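Here the structure comes first, spelled out in structure tokens, and everything after it is commentary.
Computed from a predicted model, the values in this text were never measured in an experiment.
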Amino acid sequence: MSDVSEFSDDFLIGLTPEQRDAVTSPARRLLVRATAGSGKTHVLTLRIQRRVARGDYRPDDVLAMTFTRKAGEELRRRLGAAGIRDVRAGTFHRAALTIVNQYRHDHGRSPVVLETNRRRLVTTLAGQLTDAGVVRLDDWQVPRLELEIGWALSQGFTGAAYVKQARHHHREAPLSLAQFADVLDRYVGLCHSRGVLDFDLLLSEAITLLRDEPDVRAAFRYRTPSLYVDEAQDMNPLQFMLLREMAGDDPDLFCVGDPNQSIYGFNGASPQLLGELLRTWPDTQTLDLTRNHRSTANIIAVANTLLEEGARGIEPARDDGPVPIVRAYNTDEQEAHHVAAWLTANHRPGTPWRAMAVLARTNAQLETVATALEVAAIPVERRGPDHSPASDLFSAAEPGRRVNSDAVDAVALSTIHRAKGLEFEHVVVVGWAEGLLPHFNATTPAQLAEEQRLAYVALSRAEQSLLLTWSRGRNDPRYPDRAPSRYLASIERTIGAITERNAPLTGEARRARLAAIRRELTPIDDEVAWPDGGRTEGS
């Protein structure tokens, strides 16, 4: 048992009323919809701390599920600082691995062998199918086949279920539906024949055990009376199935997430699952955290233009700050050169390189930027793929990847996907052109909606200043004469309104404004009494 510090109301000082409600609500089931920069991790941590201190449960009764190893480590660090060191915090995959390995241990079986490289299995399967004449698969088809297998498994589909659902989801498989369904089932069979599980099959195995083995289900729920889910908008259907089997009909459940930051559709994630959560446990209470404590009011005003219709706007907790900037260039090289110049201008005493980031939709866009920054002698650090199952189950860094990024004084270069959850004082987002953002692969309404959320996530990483750039691609034979991103029109209108509002008044407009101010200040008797007893005639 941890040495749990006392929780007093002093810990609630400084919280907004909405944050306080999220921490102190007596509801057994609570969904907190928390916008970017609203302090959701702080709220989640305080709620665990408070309920442990009150004796509602012991620290090791709590399972907090996140989506990256880094997020789990941060949660454990915060709780440890409060004297709570036994809370289980990690990804869905780590929780599933614990369930499956415990069952195997209890039945005298070997632990799970995880295949962390799905491409390796898919390549083997493609070769077998081609050699057997079942279906011909060329090398270029293997990545698409791997992606579609991953999506199908993330939905919990067998081959037969895939055939029924693929058209509904507007899937474009590299094979006919019947052929792909057969390949999907053969892939699962290959894994079983080799005695391995990939990450999705690991989740499926845990779901099956919880659903079909009463002893496993009873033991898990006895040991885990309280469940927490951070970044709940990142759940895919398979992870939601696992949560549902873990939780049962009457769980003590706290979920926090932001549907506006649901950007992992390639992994099967969908913001609609937050609604499914409410349908599964209809007495779940909901709270909204809408105040952003990270970004300036002007950055939030720009980010708000990218919220989907009907979404609740973000409320700023900070002052206006510098007005965001949009710049267009003829070539990618010009764009990258001016990005380097902007970063250099912002690198002042008190503003280290690590306070800045350059974000892009794809890794390929970052290569030109990296070259320009190298020429300008700006130190650069490439951010790795934290949002993957392997980031939690395996701690070894990738070759060439720094383990402790925060200790490196370098500008972060990152895709937008990898930057979610991060924040920087000064942010550049490059590539605001059609075909890049939104990406040309996004064709369905759902995919385009996710691209818009991705753009919103990019903007909301910035704390103090924000630069948006795009290139017409004049020297790029692949994408010449690009058009500006469809998202820029609303952004530039908002920037224009901010600029006009802040512009000093001159001439007749200034005289009219001064006259209006005088009228507002003049009392009815046309006289103003001064504190020293003197008087002055009103204008």
Side-chain angles (χ1 to χ4, degrees), residues 114-194 196-204 234 236-239 262-270 272 361-365 385 387-390 415-418 434-451 454 478-479:
L114 276 174
E115 175 52 77
T116 63
N117 187 338
R118 180 178 280 147
R119 176 71 59 84
R120 191 157 45 213
L121 288 170
V122 175
T123 300
T124 298
L125 178 62
Q128 291 175 352
L129 295 174
T130 300
D131 292 343
V134 176
V135 62
R136 177 167 182 78
L137 290 166
D138 296 322
D139 290 344
W140 65 269
Q141 290 176 292
V142 171
R144 291 183 59 196
L145 195 65
E146 176 192 7
L147 186 66
E148 194 66 6
I149 286 173
W151 181 85
L153 293 178
S154 76
Q155 307 299 302
F157 290 162
T158 61
Y162 178 87
V163 171
K164 293 180 180 179
Q165 295 291 330
R167 287 192 181 94
H168 173 72
H169 289 279
H170 304 285
R171 301 304 299 181
E172 296 181 1
L175 301 168
S176 72
L177 296 186
Q179 286 177 321
F180 179 79
D182 179 59
V183 169
L184 178 61
D185 289 339
R186 287 175 182 266
Y187 172 82
V188 175
L190 174 64
C191 290
H192 288 161
S193 69
R194 293 193 169 192
V196 302
L197 297 176
D198 70 8
F199 289 113
D200 289 319
L201 293 177
L202 171 65
L203 296 180
S204 295
D234 290 343
N236 61 36
L238 197 62
Q239 290 162 333
S262 180
I263 60 172
Y264 296 106
F266 62 86
N267 192 40
S270 168
Q272 278 70 45
R361 174 64 177 83
T362 66
N363 273 310
Q365 295 169 261
H387 198 282
S388 70
T415 63
I416 303 170
H417 282 100
R418 293 173 180 174
E434 287 292 305
L436 297 177
L437 188 64
H439 196 269
F440 63 84
N441 281 339
T443 57
T444 68
Q447 290 168 339
L448 288 168
E450 181 164 308
E451 291 291 303
L454 192 64
R478 299 170 301 168
Y479 313 110

task: Quick one: do Phe180 and Arg171 satisfy side-chain contact (heavy atoms from CB on, under 4.5 Å)? Show the steps, please.
output: CA-CA 11 Å; Phe180 179 79; Arg171 301 304 299 181; over 6 Å; no
query: Is there a salt bridge (charged side-chain N to carboxylate O under 4.0 Å, His left out) between Glu146 and Arg119 once you walk through the steps?
result: CA-CA 6 Å; Glu146 176 192 7; Arg119 176 71 59 84; 2.4 Å; yes
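Asn236 places a side-chain N or O within donor-acceptor distance of the main-chain N or O of Leu238, the cut-off being under 3.5 Å. Looking at Gln165, its side chain never comes within 3.5 Å of a backbone N or O of Ala161 through a donor-acceptor pair. Here the side chain of Asp138 pairs no donor or acceptor atom with the backbone of Gln141 at under 3.5 angstrom. Glu450 contributes a side-chain N or O that, together with a main-chain N or O of Gly265, makes up a donor-acceptor pair within less than 3.5 Å. A donor-acceptor pair under 3.5 Å is absent between the side-chain atoms of Gln155 and the main chain of Pro237, judged by distance alone.
To the nearest 0.5 Å, atoms CG (Leu201) and OH (Tyr187) are separated by 6.0 Å. The CG atom of Asp234 sits 8.5 Å away from the CD atom of Gln239 when rounded to the nearest 0.5 Å. The CD atom of Glu115 sits 4.5 Å away from the CG atom of Leu121 when rounded to the nearest 0.5 Å. The SG atom of Cys191 lies 11.5 Å from the CG atom of Leu202; values are rounded to the nearest 0.5 Å. Atom CG of Leu454 sits about 9.0 Å away from atom OH of Tyr264, to the nearest 0.5 Å. Ser193 OG to Arg186 CZ: the interatomic distance, rounded to the nearest 0.5 Å, is 12.0 Å.
Minimum heavy-atom separation, Leu436 to Arg361: O-CG, 3.1 Å. Ser154 and Gly268 get closest at one heavy-atom pair: OG-CA, 3.5 Å. What you find for Glu451 and Ala442 is that their closest heavy atoms are CG-CB, 3.6 Å. Between Ser262 and Ser270, the closest heavy-atom pair is OG-C, 3.8 Å.
The aromatic rings of His417 and Phe266 lie perpendicular to each other, with more than 60° between the two planes, well past the 30° mark.
Residues Glu148 and Val183 form no side-chain contact, since every pair of their non-hydrogen atoms from C-beta on lies 4.5 Å or further apart. Taking 4.5 Å as the limit, some side-chain heavy atom of Ile149 sits within range of a side-chain heavy atom of Leu184. Residues Asp185 and Thr158 form a side-chain contact, since some pair of their non-hydrogen atoms from C-beta on lies under 4.5 Å apart. Side-chain atoms of Leu175 and Leu145, non-hydrogen and from C-beta on, do get closer than 4.5 Å to each other. Using a 4.5 Å heavy-atom threshold, the side chains of Leu153 and Asp198 count as touching.
Judged as a ring pair (Phe, Tyr, Trp, His ring centres under 6.0 Å), and not counting sequence neighbours, the contacts of His169 are Trp151.
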Please output the side-chain donor-acceptor pairs of residues 124-132 that fall under 3.5 Å, not counting sequence neighbours, one pair per line with the distance.
from: Thr124; atom 1: OG1; to: Arg120; atom 2: O; distance (Å): 3.0
from: Thr130; atom 1: OG1; to: Ala126; atom 2: O; distance (Å): 2.9
from: Thr130; atom 1: OG1; to: Leu137; atom 2: N; distance (Å): 3.1

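A salt bridge is absent between Glu172 and Arg144; no separation between the charged side-chain nitrogens and carboxylate oxygens falls under 4.0 Å.
Within a 6.0 Å sphere centred on CG of Asp139, heavy atoms belonging to other residues, nucleotides or ligands number 12 at most.
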